[in-house]
Amino acid sequence: QVHLVDSGGGSVQPGGSLRLSCTASGISLNLDAIGWFRQAPGKEREVVSCISTSDGSTFYADSVKGRFTISKDNAENTVYLQMNSLKPEDTAVYYCAADRPSRLCIDYDFSDADFGSWGQGTQVTVSS
């Protein structure tokens, strides 16, 4: 049974930084794709970033390129999302998700519907 715990959200001012963590249990974190998604009030859930845990290949939404960095620590079974230069429009609940194959978000057109295991979500609020 895959279990994901995402954490690290909080409230920051515009231009600030946060690091989100997604720790997995029940899976070996070198066979899955791990994605970060977000959902703002009144909006659909959207992909933010994704990583192949087998080879480290990454995907970023255009809205976060150059500001967010996804990384993995297979020994800790954890994937991180470093978020810099945060903007008010980044405010949302952020979720991590996992599924296979590892290059799901690299080799295929994908959406949140392709991910079967989800964390509980962590709130990120960017406001002055």
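A distance of 7.5 Å separates CD of Gln123 from OG of Ser11, quoted to the nearest 0.5 Å. Taken from CG in Asp114 to SG in Cys50, the straight-line distance is 10.0 Å, to the nearest 0.5 Å. Between the CG atom in Asp112 and the CD atom in Gln39 there is a gap of 8.5 Å [rounded to 0.5 Å]. Taking OH from Tyr80 and NZ from Lys72, the interatomic distance works out to 12.0 Å, rounded to the nearest 0.5 Å. With rounding to the nearest 0.5 Å, the separation of CZ in Phe59 from CG in Leu104 is 11.0 Å. Arg67 contributes atom CZ, which lies 9.0 Å from atom CG of Asn84 (distance to the nearest 0.5 angstrom).
For the residue pair Val47 and Ala61, the shortest heavy atom distance occurs at O-CB, 3.5 Å. Nearest heavy atom pair, residue Val126 against residue Thr91, reads N-OG1, 2.9 Å.
Cluster membership check: Val48 does not share its hydrophobic cluster with Ile106, using side-chain heavy-atom separations under 4.5 Å among Ile, Leu, Val, Met, Phe, Trp and Tyr. Under a hydrophobic-cluster definition in which Ile, Leu, Val, Met, Phe, Trp and Tyr are linked whenever side-chain heavy atoms come within less than 4.5 Å, directly or via other members, Leu4 and Leu20 are assigned to the same cluster. Taken together through direct or relayed side-chain contacts under 4.5 Å among Ile, Leu, Val, Met, Phe, Trp and Tyr, Val93 and Phe115 form part of one hydrophobic cluster. In the hydrophobic clustering of this structure, Val5 does not group with Leu81; members are Ile, Leu, Val, Met, Phe, Trp, Tyr whose side-chain heavy atoms approach within less than 4.5 Å, directly or through other members.
Formation of a donor-acceptor pair under 3.5 Å by the Asp73 side chain with backbone atoms of Glu76 is found in this model. Distance alone, capped at 3.5 Å, is enough to place a donor-acceptor pair between the Thr122 side chain and the Gly9 backbone. Counting only distance, with no hydrogens or angles, the side chain of Ser49 and the backbone of Ile70 share no donor-acceptor pair below 3.5 Å.
Other residues, nucleotides and ligands contribute at most 12 non-hydrogen atoms within 6.0 Å of the CD atom of Glu44.
Side-chain contact between Ser111 and Phe37 is absent, with no heavy-atom pair separated by less than 4.5 Å. Under the 4.5 Å side-chain criterion, counting only non-hydrogen atoms from C-beta, Asp99 is not in contact with Phe110. Leu18 is listed as a side-chain neighbour of Val124, based on a closest heavy-atom distance under 4.5 Å. Contact check for Leu31 versus Thr53: no side-chain heavy atoms found under the 4.5 Å cut-off. Residues Asp55 and Arg103 have side chains in contact (heavy-atom distance under 4.5 Å, counting atoms from C-beta outward). In this structure, the side chains of Phe68 and Asp90 come closer than 4.5 Å at one or more pairs of heavy atoms. With contacts defined as side-chain heavy-atom distances shorter than 4.5 Å, the pair Gln82/Ser71 does not qualify. For the pair Val12 and Thr125, the minimum side-chain heavy-atom distance is 4.5 Å or more.
Partner of Asp6 under the side-chain contact (heavy atoms from CB on, under 4.5 Å) criterion, chosen from Tyr94, Trp36, Trp118: Trp36.
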side-chain contact (heavy atoms from CB on, under 4.5 Å) between Lys43 and Arg38: does it pass, once the steps are laid out? CA-CA 10 Å; Lys43 295 187 177 181; Arg38 66 186 181 188; over 6 Å; no
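No donor-acceptor contact under 3.5 angstrom links the side chains of Asp32 and Ser102, judged on distance only. With hydrogens and angles left out, the side-chain atoms of Ser52 and Ser57 include no donor and acceptor closer than 3.5 Å.
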